[in-house]
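Have a look at the structure below, then the notes.
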There are 2 protein chains.
Amino acid sequence: MTTNRRSRPSRPATIPDVAREAGVSRSTASRALADYGSVSPAARERVRAAAEKLGYRANQLARSMITGRTHTLGAVIADIQNPFFAGVTRGITDAARAAGYQVLLANTDEDPAAERAAVKMLRDKHVDGLIVAPASTTDTGHLAAVHAAGCPVVLLDRDAPGLRTDSVTIDNRGAARDAVRRLLAAGHRRIALVGLVGDEDSDLDAPGDGLGGNGNSGSGGDDTDSTGDAHGATADGAPTATTAPTAPIDRGSTGLERIEGYRLALRAAGIEDTGTYLRKGAFHRQDPADLTAGLLALPEPPTAVLATDSLIALGVLSAARDRGLRVPEDLSVVTFDDTDWARALRPRLSVVAQPVQELGATAVRALISRIEGSTHEPEHTTLPTEFIDRESIAPPPPA
Amino acid sequence: MTTNRRSRPSRPATIPDVAREAGVSRSTASRALADYGSVSPAARERVRAAAEKLGYRANQLARSMITGRTHTLGAVIADIQNPFFAGVTRGITDAARAAGYQVLLANTDEDPAAERAAVKMLRDKHVDGLIVAPASTTDTGHLAAVHAAGCPVVLLDRDAPGLRTDSVTIDNRGAARDAVRRLLAAGHRRIALVGLVGDEDSDLDAPGDGLGGNGNSGSGGDDTDSTGDAHGATADGAPTATTAPTAPIDRGSTGLERIEGYRLALRAAGIEDTGTYLRKGAFHRQDPADLTAGLLALPEPPTAVLATDSLIALGVLSAARDRGLRVPEDLSVVTFDDTDWARALRPRLSVVAQPVQELGATAVRALISRIEGSTHEPEHTTLPTEFIDRESIAPPPPA
DNA sequence: GTGAAAGCGCTAACAA
DNA sequence: TTGTTAGCGCTTTCAC
């Protein structure tokens, strides 16, 4: 509306303005400002001064259109309100800023459709690269496509076997196994695991896997071999297959990996029945507190519980309290993720701490390295977890 | 490197491509695609089909350069890891996406310099508008500038008296007063407040304000009048002053407003000494648990505590436990912010719940309304808080 | 070392 | 309704 007046005040200064002020050509001004090619020191200084005087700020849009680079990263995660992702996001934004990048954020709530939409929008905005905590480890066609189109992708938290992208994860299996070992070392034999996994996965496990989170009545006995099969089946899957809907188990999911670790530890301790105390619910559908309540109502209830994340730990603690159980005297509790409250409240929780910020920062660095052209083989970084022993593990009650 | 080959496969389709394929001019194609001007149904359909066939996706960068609109919002907050901001951010991203916008995220850690830098970067990226939880309510020159330059700004969580922008906040004073009233109603007279405020503020309060968080020894007695002065002094400050370093108290800060509410409630109950049990620490410098420990070591310790946010509540709870105090039997506790753990753990905390997501969503809607041209007077929206009474308030212990 | 000119992909006047 | 013509602000050959 007031754009027609050619008076200086409002319109932001452009390269032609600076060039005019400095008495050089646009090209020289551009070279001096963007710092490339060759410019005489004298000219460079005049341009600098002119730019300063006019308060020149480069139009990143125009620049991006030419260079094809926006210095913007896309972060696609499940839910920023989950402390784990909040920490990861913090790591991402900080590392990005340190490297001169900004980040566009998208939440998916573990919904593959939302993830696809987010990736599309982000691409349309021409992000230089994508950091994705994939909602599914098999439904990854959109990621494969975007990656193939030349947009670097780094997977965070969960790996997808079919994708030849970099990934940054932790050793979920090992961390879970270690946590269970601690419980075993304290003398526990009836150790439970309460976890939530993606909706889609929960459809897969009923047949022949024995992972079901239903029924409190001790359901199926041992399931040793079927689980062994599951491992084998995915371990030798074609490494470049993009979508493998036939995979019997979605082994890339952190929840499932933690379950594997749980079983490994149990079996190594001679406990072959790894199904009785396993409660694997579905996101948005099951309440961890209910799952735990079922566990505690068992004729022979568990004496220790491993929660696969902090929200679940809250449910476990709540159910224990409701049943009048004290932690750790009556029930030992260990959880993944070291939250503020786990650290501060009593009993202080013994936890498997994930390096949340580092996870994000590492992903950013890997991504930027790709953006800047590195073309080596996909790199799978596994960051170490730390078991922090506090006050929530005790020997099992006499009974 | 491989860009020279003119073969179809790689290069994304552009408007000329679509136009050619559809047998129309670029303008017609553009009009059909962007859905403006007039295009015959026939042409529109041909263009649509051609676009579909070629997998055309508009280059938002080019479009933005022309239209001056990026459909991107900037969110500048303190710390995404704080549950309050995580919730707010969730509200922002969801509301933005629903309206067709994306959001660029920046953390400031309450550091004005970081905030200035963030705002600058965001501007360079041509965000259509900014949502800012200002680190300072007085050091707002950069916000005034960006706003004056035509970039809509909406303040979130804290208002800045000098800025004529929209804002979305809660009634901190009222909410705190209400919370203290609950404590009073339960019979408490020795009610403490533990809070943390920005570094800069803490330099201001020592002289003549009596708010100091130092010393456990009951320090200065009542401070009735000096506080009254503080109110008056800010209440009549020039509403359009951008930076007022001489303001005796930074009344826009949520922490300070909550303190005001605390005092109001106390005085209304005939308690004139509102300083003895007030502990106002500085971000990054004081530990809430230490502050609380000092309080509890007083000859006449408080029987109830109001924490100004969830992280502080954790410190309060921790200190109480360290001293062997039970909540609520020995010490009643109320906090701002309804977190997962406050809801789930025992004793379940009575809290002042802020509508975190709505705060973010409302800010987005206000911002988009401005972006779309509304020019009415600055609008200050105050969202209602909800006091959720759970199990952390009991009558004061006998003596 | 510097300038002229071309063009990124798109929209917006203006004619026709 | 449609096409033609200009650019947006910047980078980038390519001569000079």
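Reminder, nothing fancy here: chain letters follow the sequence lines and each chain counts from 1. Because only heavy atoms are used, hydrogens play no part in the values below, and waters and symmetry mates are left out as well, while side chains stay in.
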Got a sec, which residues hit salt bridge (charged side-chain N to carboxylate O under 4.0 Å, His left out) with [X], two or more places apart in sequence or on another chain?
X	answer
Lys120(A)	none
Glu358(A)	none
Asp128(B)	Arg69(B)
Glu372(B)	none

Sequence neighbours excluded, every pair satisfying ring-ring contact (aromatic ring centres under 6.0 Å, His included) that has a member inside [range]:
range	result
residues 101-155 of chain B	His71(B)-Tyr101(B)
residues 22-55 of chain B	none
residues 38-66 of chain B	none

(request) Please report how far the helix from dG1(C)-dC16(D) to dA16(C)-dT1(D) bends, comparing the axis fitted to its first five pairs with the axis fitted to its last five, to the nearest 10 degrees. (result)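 It comes to 30° between the two terminal axes.
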Where [X] and [Y] come nearest, the two heavy atoms and their spacing:
X	Y	answer
Ala114(B)	Thr108(B)	CB-O, 3.7 Å
Arg26(B)	Ile15(B)	O-CG2, 3.7 Å
Thr165(B)	Val153(B)	CB-O, 3.3 Å
Ala51(A)	Val18(A)	N-CG1, 3.9 Å

(message) With heavy atoms of chain A within less than 4.0 Å as the criterion, where does contact along DNA chain D begin and end?
(response)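 Extent of the interface on DNA chain D: dG9(D) to dT12(D).
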(request) Walk along DNA chain C from 5' to 3' and tell me the first and last nucleotide with an atom closer than 4.0 Å to a non-hydrogen atom of chain A. (result)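 First and last nucleotides in contact are dG1(C) to dG9(C).
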Carboxylate-amine/guanidinium proximity below 4.0 Å for [X] and [Y]:
X	Y	answer
Glu110(B)	Arg158(B)	yes
Glu21(B)	Arg46(B)	no
Asp109(B)	Arg90(A)	yes

(message) Please give me every residue in residues 23-33 of chain A whose heavy atoms get under 4.0 Å of an atom in DNA chain D, ordered by residue number.
(response)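 Close to the strand are Ser27(A), Ser30(A).
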(message) Can you list, in residue-number order, the parts of residues 36-43 of chain A that come under 4.0 Å of DNA chain C, counting heavy atoms only?
(response)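 DNA chain C contact set from residues 36-43 of chain A: Ser38(A), Val39(A), Ser40(A), Ala43(A).
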(request) Check whether any side-chain N or O of Asp17(B) sits under 3.5 Å from a backbone N or O of Thr14(B) as a donor-acceptor pair, and report yes or no. (result)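 It does hold such a pair.
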